[in-house]
Amino acid sequence: MSQPPSASSGPHTDHSACTTHDHTHAQDDAHGEAGQKSAAPSCGHTHTHDAHASADHAHDDHDHDHDHDGHDHHHHGFGHAHVHTPASFGWSFAIGIVLNVVYLGAEALWGILSNSLSLLADAGHNLSDVLALAAAWLAQHLSAKSPSARFTYGLRRSSILAALANAVILMLVTGGVAWESIERLFHPAPVAGKTMMIVAAIGILVNGGTALLFASGQKNDINIRGAFLHMASDAVTSLAVVIAGGLVLLTGLTWIDPAISLAISVVVVLATWSLLRDSLDMALDGVPRSVDRDSVETFLRTQPGVADLHDLHIWPMSTTETALTVHLVREASLPAGQTETLLLQNTVATLRTRFGIVHPTVQIESADYHPSCHLVDPHTV
């Protein structure tokens, strides 16, 4: 939330993570003329300066000013505090999609021939898995796109939307299977237990193997977690189908098939709930669960030279990247050895290394400049 500078002391704004890949260079088209500083095109924030163009701009741990052919270059990058981009799972997605498409076709065919609801239920989950894997793969690809003049944060939020879509699809498919299972409990039908066991055993290998491809990334990225959860839940489903087929062969009780299918549905819903909750929070710009907002505020308030703060906002740009904006009110006189540049450098560096906030934007204001947050509506509760 940019605010106009005061007449006495213009605010200092740090947009030090305008891109997650490389340093972005903003050229001064006026060749260093006062008051004509241009902003980095990929940042999407407006730097407002008054006539006193001598105000400092502190970016990360150090500021590079190079003069090439009369042009003044300012580096808007990470300096020494590089933030690593999320690992790519391109091959994992490709392998997982191919395996599941082949298995899906075979399972659906055998499910119809054997009249097994469990196999058809498992095939339904695999169909949702193929769609989920494709959506997650596309989202990961879009998230790597650089910011543009229209999409100033890039397309990072697509990974959040993909995770939310995966959770919703899995819930809907599971609900349909549960409904069919309840109906089949009251109207049992004969099933081929041996066929169920063979096809589902193959499913354990396919689904379980695909889930392992995403196991390393599912803890830190809910987009990858969505893909992992789909595959892991289907591996469990396949295991349950094997058990159901064995019990049907041993006892001849056909209601075992829908009963186990219903139990599987309950397990999948419970496992998917956290994915749905977290992805919905992120889609609504909630503070990521990996960030302790109170700890962030405490850190900012205890910085040397900070008297107060306001307009603290923390939100996810993607499933792996967090942004922050805050207005820091400086004390009338800074402590010995402290400068606004050092305050910005230390604040930005700690927000990244300690709290994992890759895109912090910090504005420093004097005590006589105290605007209210325009997002706060006095008529709301």
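It should be emphasised that the depicted structure is a prediction, and the values quoted were computed from it without experimental measurement.
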Notebook entry, point to check: Mind checking whether Val329 and Val326 sit in one hydrophobic cluster, side chains of I, L, V, M, F, W, Y counted as touching below 4.5 Å?
Noted result: no
Next item on the list: Show the numbers, then the answer: is there a side chain to side chain contact (heavy atoms under 4.5 Å, CB included) between His313 and Asp311?
Entry: CA-CA 6 Å; His313 303 287; Asp311 287 296; 3.9 Å; yes
Notebook entry, point to check: For the residue pair Ala139 and Ala162, what are the closest heavy atoms and their distance?
Noted result: CB-CB, 3.5 Å
Check: When you look at Met317 and Val358, which way does the side chain to side chain contact (heavy atoms under 4.5 Å, CB included) test go after all the steps?
Finding: CA-CA 10 Å; Met317 294 189 299; Val358 302; 3.8 Å; yes
Check: Taking all non-hydrogen atoms of both residues, which atom of Met197 and which atom of Val242 are closest, and how far apart?
Finding: CG-O, 3.5 Å
Item checked: Any side-chain heavy-atom pair of Val199 and Tyr103 under 4.5 Å -> yes
Note to self: Given 3.5 Å as the limit, does a donor-acceptor pair link the side chain of Gln338 with the main chain of Gly305, or not?
What the structure shows: no
Next item on the list: Decide yes or no on side chain to side chain contact (heavy atoms under 4.5 Å, CB included) for Val236 and Ile264, but give the supporting numbers first.
Entry: CA-CA 8 Å; Val236 173; Ile264 292 170; 5.7 Å; no
Item checked: Step-by-step side chain to side chain contact (heavy atoms under 4.5 Å, CB included) determination, Leu300 to Val306 -> CA-CA 8 Å; Leu300 293 172; Val306 174; 6.0 Å; no
Next item on the list: State the CD-CD distance between Glu340 and Gln345, to the nearest 0.5 angstrom.
Entry: 12.0 Å
Checklist line | Asp285/Arg157 ion pair, N-O < 4.0 Å | finding: yes
Item checked: Nearest-0.5 Å distance, CG of residue Asp308 to CZ of residue Arg330 -> 14.5 Å
Margin query: Could you measure the distance from the CG atom of Leu324 to the CG atom of Leu312? Nearest 0.5 Å is fine.
Written below: 5.5 Å
Checklist line | Verify same cluster id: Val98, Phe214 (apolar side-chain graph, 4.5 Å) | finding: no
Notebook entry, point to check: Can you name the nearest heavy-atom pair linking Leu133 to Ala227, along with the distance?
Noted result: CD2-CB, 3.7 Å
Next item on the list: Determine the minimum heavy-atom distance between Asp278 and Arg225, stating which atoms define it.
Entry: OD2-NH2, 2.9 Å
Note to self: Distance check, rounded to the nearest 0.5 Å: Ser92 atom OG versus Leu213 atom CG?
What the structure shows: 4.5 Å
Item checked: Minimum side-chain heavy-atom gap Ser265-Thr174 below 4.5 Å -> yes
Check: Can you find a pair of side-chain heavy atoms, one from Leu328 and one from Gln303, that are under 4.5 Å apart?
Finding: no
Notebook entry, point to check: Going by side-chain heavy atoms closer than 4.5 Å, which hydrophobic residues are tied to Leu164, directly or by a chain of links?
Noted result: Val168, Met171, Leu172, Val269, Trp273, Leu276, Leu280, Leu284
Checklist line | Check: Phe355 and Ile314 side chains under 4.5 Å, non-hydrogen atoms | finding: no
Next item on the list: Consider only side-chain heavy atoms of I, L, V, M, F, W and Y, link residues closer than 4.5 Å, and tell whether Leu262 and Trp179 are in one cluster.
Entry: no
Check: If you take all heavy atoms of Tyr153 and Arg156, which pair is closest and at what distance?
Finding: O-NH1, 3.0 Å
Notebook entry, point to check: Does the side chain of Thr272 reach to within under 4.5 Å of the side chain of Ser233, using non-hydrogen atoms?
Noted result: no
Check: What distance separates Gln363 CD from His327 NE2, expressed to the nearest 0.5 Å?
Finding: 4.5 Å
Checklist line | In one Ile/Leu/Val/Met/Phe/Trp/Tyr side-chain cluster, 4.5 Å: Leu344, Leu334 | finding: no
Notebook entry, point to check: Can you name the nearest heavy-atom pair linking Gly96 to Thr210, along with the distance?
Noted result: CA-CG2, 3.6 Å
Check: Distance from Asn166 atom CG to Phe228 atom CZ, nearest 0.5 Å?
Finding: 14.0 Å
Checklist line | Under 3.5 Å: donor-acceptor pair, side chain of Thr319, backbone of Ser159 | finding: no
Notebook entry, point to check: Is there a path of hydrophobic side-chain contacts, each under 4.5 Å between heavy atoms of I, L, V, M, F, W or Y residues, that connects Trp315 with Ile222?
Noted result: no
